[in-house]
Amino acid sequence: MNAQTPRTAIVTGAARGIGAAVAKRLAEEGHAVAVLDIDEPACATTVEAITSTGGKAIAVGVDVADEAGVQTAVERVADELGGPTILVNNAGITRDNLIFKMTVGDWDAVLGVHLRGSFLMTRAAQKHMTEAKWGRIVNLSSTSALGNRGQVNYSAAKAGMQGFTKTLAIELGRFGVTANAIAPGFIQTEMTRATAERLGVPFDDFVAYSAKEIPVQRVGQPEDIAAVAAFLTSEEAGFVSGQVIYVAGGPKG
């Protein structure tokens with residue numbers, strides 16, 4: 001891959017897991033990275049991993065579902081690192097349950113972080129992209145968008161992310177801004193560990209069972225998603241927009 005023009009990137013939910021891997025990979029590509037998470041102190045590990053190897057990064061604490069907080073966070077990023085022209089909407093939570101047990105609070109919390117959060121972050125960041133006539137937006141969807149037992153809220157949110165992405169591509173393409181979604185399958189993170197705990201299954205067994213169902217016979221790692229995000233945010237990806245890329249070790253959808 002050719003050398004990238006240094007940009008300012010924002011990655012939400014970047015304290016750990018997929019977000020942390022994406023933030024570190026974008027720093028390796030030469031970008032300054034704003035590491036956003038609701039828990040700002042937890043971002044320190046990701047920031048240290050970037051700065052210790054000569055990269056530039058800052059930690060910014062924000063609840064992505066809070067309108068005023070998002071505006072303040074993006075303004076801080078612009079002031080300290082420069083106008084953000086790369087945005088990775090990765091922040092997410094799960095509140096799994098069967099629909100007859102699911103509370104309105106659990107529904108609202110999941111839709112709030114995934115959809116409202118991505119909307120607010122994108123609305124705030126796109127101004128910098130359209131002014132620069134260049135931008136890359138990557139939204140994290142999931143194979144759960146196709147339906148997954150016990151995740152009616154999460155599945156709805158991740159399906160919504162796909163329609164959100166395609167509409168952004170239509171609206172912002174004329175300004176040199178692309179929008180794409182990555183839909184991971186089983187990725188080995190704290191979130192999937194929590195799912196195993198909810199099911200009462202040892203995590204190692206959960207991983208082994210899941211790997212057998214995946215054509216490449218292994219579960220994904222955060223770095224697998226980071227590699228796709230690195231391409232979608234690159235100079236070379238300027239003709240790729242409005243796409244949903246399933247990163248699941250085999251056919252999906």
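- Judged purely by atom type and a 3.5 angstrom limit, Asp108 has no side-chain atom pairing as donor or acceptor with the backbone of Gly105.
- Note on Arg193 versus Glu197: no salt bridge recorded, every NZ/NE/NH1/NH2 to OD/OE distance being 4.0 Å or above.
- Within 6.0 Å of CZ on Phe203 lie more than 12 heavy atoms contributed by other residues, nucleotides or ligands.
- Arg116 places a side-chain heavy atom less than 4.5 Å from the side chain of Glu67.
- Using a 4.5 Å heavy-atom cutoff, the side chains of Ile18 and Ile182 are not in contact.
- The closest donor-acceptor contact from the side chain of Ser155 to the backbone of Val152 lies at 3.5 Å or more, if one exists at all.
- Within a 6.0 Å radius of CD in Glu190, no more than 12 heavy atoms belonging to other residues, nucleotides or ligands are found.
- For Gln71 and Glu75, the side-chain atoms include at least one donor-acceptor pair closer than 3.5 Å.
- Side chains of Ile10 and Val60 form no contact here, defined as non-hydrogen atoms less than 4.5 Å apart.
- Taking the side chain to side chain contact (heavy atoms under 4.5 Å, CB included) definition, one finds that Thr94 meets it with Asp96, Gln151, Tyr154, Met191, sequence neighbours left out.
- The one candidate from Val33, Thr233, Val138, Val88 that meets the side chain to side chain contact (heavy atoms under 4.5 Å, CB included) condition with Val22 is Val88.
- Clustering ILVMFWY residues whenever any of their side-chain heavy atoms sit less than 4.5 angstrom apart, transitively, puts Val240 in a cluster other than the one holding Leu172.
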Let me check something: any side-chain donor-acceptor pairs from residues 38-49 under 3.5 Å, sequence neighbours excluded? List them with distances.
| from | atom 1 | to | atom 2 | distance (Å) |
| --- | --- | --- | --- | --- |
| Glu40 | OE1 | Gly61 | N | 2.8 |
| Thr46 | OG1 | Ala14 | O | 2.9 |
| Thr46 | OG1 | Ala15 | O | 3.3 |

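- By the criterion of side-chain heavy atoms lying less than 4.5 angstrom apart, applied directly or through intervening Ile, Leu, Val, Met, Phe, Trp or Tyr residues, Val70 is grouped together with Phe164 in one hydrophobic cluster.
- Looking at every heavy atom in both residues, Ile50 comes nearest to Ala23 through CD1-O, 3.8 Å.
- Between the side chain of Glu223 and the main chain of Ala21, no donor-acceptor pair closer than 3.5 Å is present.
- Note on Glu131 versus Lys127: salt bridge recorded, some NZ/NE/NH1/NH2 to OD/OE distance being below 4.0 Å.
- Note that the CH2 atom of Trp107 and the CG atom of Asn97 stand 13.5 Å from one another [nearest 0.5 Å].
- Judged purely by atom type and a 3.5 angstrom limit, Asp224 has no side-chain atom pairing as donor or acceptor with the backbone of Val247.
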### Message
One pair to check against side chain to side chain contact (heavy atoms under 4.5 Å, CB included): Phe231 and Ile245. What are the steps and the verdict?
### Response
CA-CA 12 Å; Phe231 170 69; Ile245 300 174; 5.9 Å; no

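- Side-chain N or O atoms of His31 include one that pairs as donor or acceptor with a backbone N or O of Arg7 at under 3.5 Å.
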### Task
Would you check, one step at a time, whether the test side-chain hydrogen bond (donor to acceptor under 3.5 Å, both in side chains) holds for Ser234 with Glu29?
CA-CA 9 Å; Ser234 70; Glu29 298 292 321; over 6 Å; no

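- Side-chain atoms of Asn148 and Lys158, non-hydrogen and from C-beta on, never get closer than 4.5 Å to each other.
- Using a 4.5 Å cut-off on side-chain heavy atoms (C-beta onward), Phe186 and Glu213 make no contact.
- Two residues are said to be in side-chain contact when any heavy atoms from C-beta on lie closer than 4.5 Å; Met129 and Leu87 meet this criterion.
- Looking at Thr8, its side chain does come within 3.5 Å of a backbone N or O of Leu81 through a donor-acceptor pair.
- Between atom OG1 of residue Thr51 and atom NZ of residue Lys56 there is a gap of 12.0 Å, rounded to the nearest 0.5 Å.
- Between Asp106 atom CG and Lys101 atom NZ the span is 12.5 Å, to the nearest 0.5 Å.
- Taken together through direct or relayed side-chain contacts under 4.5 Å among Ile, Leu, Val, Met, Phe, Trp and Tyr, Leu168 and Trp134 form parts of separate hydrophobic clusters.
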#### Entry: Asn153 and Arg95: CA distance, side-chain angles, deciding distance, side chain to side chain contact (heavy atoms under 4.5 Å, CB included) verdict
CA-CA 8 Å; Asn153 50 1; Arg95 297 289 186 271; 3.9 Å; yes

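- Closest approach of Pro222 to Gly17, counting heavy atoms only: CB-O, 3.8 Å.
- Listed for the Thr122 side chain is no donor-acceptor partner under 3.5 Å among the backbone atoms of Phe119.
- Taking every heavy atom of both residues into account, Pro184 and Ser141 meet most closely at CD-O, 3.2 Å.
- At least one side-chain heavy atom of Val64 sits under 4.5 Å from a side-chain heavy atom of Val113.
- Note: the hydrophobic cluster containing Val201 does not contain Leu98 (ILVMFWY, side chain heavy atoms under 4.5 Å, direct or indirect links).
- Under the 4.5 Å side-chain heavy-atom criterion for grouping Ile, Leu, Val, Met, Phe, Trp and Tyr, Val62 is not connected to Ile86 through any hydrophobic cluster.
- Nearest heavy-atom pair across Pro215 and Pro251 is CG-CD, 3.9 Å.
- Side-chain atoms of Gln243 come within 3.5 Å of backbone atoms of Ser241 as a donor-acceptor pair (strictly under, hydrogens ignored).
- Using a 4.5 Å heavy-atom threshold, the side chains of Val244 and Lys166 count as touching.
- What you find for Val110 and Ala157 is that their closest heavy atoms are CG1-CB, 4.2 Å.
- Not a single donor-acceptor pair under 3.5 Å links the side chain of Asn89 to the backbone N or O of Met121.
- If you check the side chains of Asn139 and Thr165, you find a donor sitting under 3.5 Å from an acceptor.
- Counted within 6.0 Å of CG on Leu199, heavy atoms from surrounding residues, nucleotides or ligands total more than 12; the atom is thus considered enclosed.
- A donor-acceptor pair under 3.5 Å is formed between the side chain of Thr12 and the backbone N or O of Asn90.
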